[in-house]
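Below, each value reflects all heavy atoms present in this structure, side chains not excepted, and no hydrogens, waters or symmetry copies. Remember, it's a predicted structure, so these values are computed and weren't measured experimentally. Residue numbers start from 1 in every chain, and the chains themselves are labelled A, B, ... in the order their sequence lines are given, proteins ahead of strands.
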Protein chains: 2
Amino acid sequence: MSAHTDHAHTAAAPHDHAHCVADALTRADALCAERGARLTILRRRVLELVWSSHRPRGAYAILEDLSQQDGKATAPLTVYRALEFLVDQGLVHRIESLNAYVGCAAPGASHSGQFLVCEGCGDAAEIDDPSIRSAIDAAATVRGFRVQRPTVEVRGVCKDCQEKHP
Amino acid sequence: MSAHTDHAHTAAAPHDHAHCVADALTRADALCAERGARLTILRRRVLELVWSSHRPRGAYAILEDLSQQDGKATAPLTVYRALEFLVDQGLVHRIESLNAYVGCAAPGASHSGQFLVCEGCGDAAEIDDPSIRSAIDAAATVRGFRVQRPTVEVRGVCKDCQEKHP
DNA sequence: GCTCATGATGTTATTTTATAACATTTCTAA
DNA sequence: TTAGAAATGTTATAAAATAACATCATGAGC
């Protein structure tokens, strides 16, 4: 087991990634079944490809993987439609500042959509910090603004990368 | 004068927009002079076009305006390069979730880059809420993450649009 | 005033990201 | 089993951004 059992899995931290992906797929199966949402083969494959790294991946990277698996060209729409479904279900998040998609660490939970995006390794660590969320809600309320979807994407350098390049 | 003198200028609130833009340009002139940065004719024109509404504008919208003004096609790079300069100087912010650019309300100040983006009118109200910023800093610090550029873009519905469409 | 190094802009082409419009297939509920 | 809805396939195009290289402008130093 990893020396960092108290940490969330990241691209940098070594872990049993196959198991990690399998878990994500199992959770997705359960959530969709519960909701009556159809996690089709295609959507499930796209979800798996999103999870293939812990880093955000572009739609066209996923598209290439899909095309390669099938041995024939896949249309962009195929991927974009699957991604749209996955994002709607909260199984995947879109990182706006990267035009990329990443698997949600805790689907079914609150989903305030907060990320620490590392310039070094490209990892996007999802956090769910209630004080950030409540500060946003308070600021919005004061201005009479009704919040629908808060997005927090913090660019910077993660702990590991700081240690590697001091 | 507007009935809302205690509010920041927005796309929705009527105000002397020409004066508003002139102010922004004057502030930009002063800031760039102070820094030894070259706010060239082109960059100044692009800044003016960014300010032409209080809403975020796409690079290609600005490009079209520029082309129309000059009576000949302008290359995208021309606009992108000017925008890059303006963003670097903190005179313009990029709204990641809209692929669009908006004039900074308080250049020279902190720039934590927080926006309330209205789905109704398209307005992106810039706020600078210290408690959001400090909550982000705290969350990052706990994780050993060094913050370089925090981005907060809150999608929702502004006060005016809620009143118009209840 | 010249000159040259640097920064700014012009030009052409291409890449990356995303969607429109419509046809066909698959699934589900009656 | 069979409409109707949802999902996917197909083709084309739009929108956003950048690469590579040429030329022009500007200001510091002579």
Side-chain angles (χ1 to χ4, degrees), chain A residues 28-29 32-50 55-67 69-89 91-102 122 124 153, chain B residues 28-29 32-50 55-67 69-89 91-102 122 124 153:
Chain A
D29 286 331
C32 287
E34 193 180 312
R35 292 170 181 165
R38 292 164 59 185
L39 186 59
T40 61
I41 305 287
L42 177 64
R43 290 167 173 173
R44 204 169 185 279
R45 285 178 66 202
V46 169
L47 179 58
E48 187 172 11
L49 290 171
V50 168
R55 293 184 177 83
R57 302 197 73 204
Y60 279 74
I62 291 163
L63 180 61
E64 276 179 33
D65 289 350
L66 213 54
S67 298
Q69 284 182 359
D70 293 349
K72 63 173 183 181
T74 308
L77 256 189
T78 302
V79 168
Y80 278 106
R81 286 195 284 224
L83 287 171
E84 183 184 18
F85 170 86
L86 296 169
V87 168
D88 284 348
Q89 295 296 324
L91 299 169
V92 163
H93 290 290
R94 175 178 160 80
I95 311 287
E96 302 289 350
S97 56
L98 295 176
N99 295 335
Y101 301 81
V102 71
E153 297 175 11
Chain B
D29 286 333
C32 288
E34 193 179 313
R35 294 168 180 165
R38 289 164 64 182
L39 186 60
T40 62
I41 306 288
L42 177 64
R43 291 168 173 172
R44 203 170 187 277
R45 284 176 68 200
V46 170
L47 179 58
E48 188 171 10
L49 290 171
V50 168
R55 293 184 178 83
R57 304 198 71 204
Y60 278 72
I62 291 163
L63 180 62
E64 277 179 32
D65 289 350
L66 213 53
S67 298
Q69 285 182 359
D70 293 349
K72 62 172 181 179
T74 307
L77 257 188
T78 302
V79 169
Y80 279 105
R81 287 195 284 224
L83 287 171
E84 183 185 19
F85 170 86
L86 296 169
V87 168
D88 284 349
Q89 295 297 322
L91 298 168
V92 164
H93 289 290
R94 175 177 161 80
I95 312 288
E96 302 289 348
S97 56
L98 296 174
N99 293 337
Y101 300 82
V102 70
E153 296 176 10

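Summarising the geometry, the separation between OH on B:Tyr80 and P on D:dA19 is reported as 13 Å, rounded to the nearest angstrom. Following rounding to the nearest Å, B:Arg57 (CZ) and D:dA17 (P) show an atom-to-atom distance of 14 Å. In this structure, A:Gln89 atom CD and D:dA6 atom C1' are separated by 14 Å, rounded to whole Å. In this structure, A:Glu64 atom CD and C:dT15 atom P are separated by 13 Å, rounded to whole Å. Between the CG atom of A:Leu63 and the P atom of C:dT15 there is a distance of 16 Å, rounded to whole Å. Rounded to whole angstrom, the span from the CZ atom of A:Phe85 across to the C1' atom of C:dC27 amounts to 14 Å. Spacing between atom CD1 of B:Ile41 and atom P of C:dG10 amounts to 12 Å, rounded to whole angstrom units. As a whole-Å value, the separation of B:Leu66 CG from C:dA8 C1' is 15 Å.
To the nearest 0.5 Å, atom CG of residue B:Leu63 and atom CZ of residue B:Arg57 are 10.5 Å apart. Rounding to the nearest 0.5 Å gives a distance of 10.0 Å between CG of B:Leu83 and CG of B:Leu49. Here the CZ atom belonging to A:Arg45 is positioned 10.5 Å from the OG1 atom belonging to A:Thr78, to the nearest 0.5 angstrom. One distance of note links CG of A:Leu39 with CZ of A:Phe85; it measures 5.5 Å at 0.5 Å rounding. Note that the OG1 atom of A:Thr74 and the CD1 atom of A:Ile62 stand 12.0 Å from one another [nearest 0.5 Å].
Ranked by how close their nearest DNA chain D nucleotide is to the 5' end, B:Ala61 and A:Thr74 are led by A:Thr74. Nearest-nucleotide positions on DNA chain C for B:Leu77 and B:Asn99 put B:Leu77 closer to the 5' end. Along DNA chain C, the nucleotide closest to B:Arg38 and the one closest to B:Ala73 are compared, and the more 5′ of them pairs with B:Arg38.
Side-chain contact of B:Arg43 with B:Gln89: a donor-acceptor pair under 3.5 Å is absent, judged by distance alone.
For A:Arg81, counting side-chain heavy atoms from C-beta on, the closest listed nucleotide (C:dA18, C:dT9, D:dG9) is D:dG9. Distance from the side chain of B:Thr78 is smallest to C:dT11 among C:dA18, C:dT11, D:dA7.
For B:Arg94, a side-chain nitrogen or oxygen approaches OP1 or OP2 of D:dA17 to under 4.0 Å. B:Thr40 has no side-chain polar atom (N or O) that falls below the 4.0 Å cut-off from OP1 or OP2 of C:dA8.
Ion pairing of A:Arg44 with A:Asp29 is present here, as a side-chain N (NZ or NE/NH1/NH2) and a carboxylate O approach within less than 4.0 Å.
Under the stacking criterion of a centre-to-centre distance below 5.5 angstrom and an interplanar angle below 30°, A:Tyr60 sits stacked against the six-membered ring of C:dT17.
Note on the helix from C:dG1-D:dC30 to C:dA30-D:dT1: angle between the axes of the first and last five pairs equals 30°, rounded to 10 degrees.
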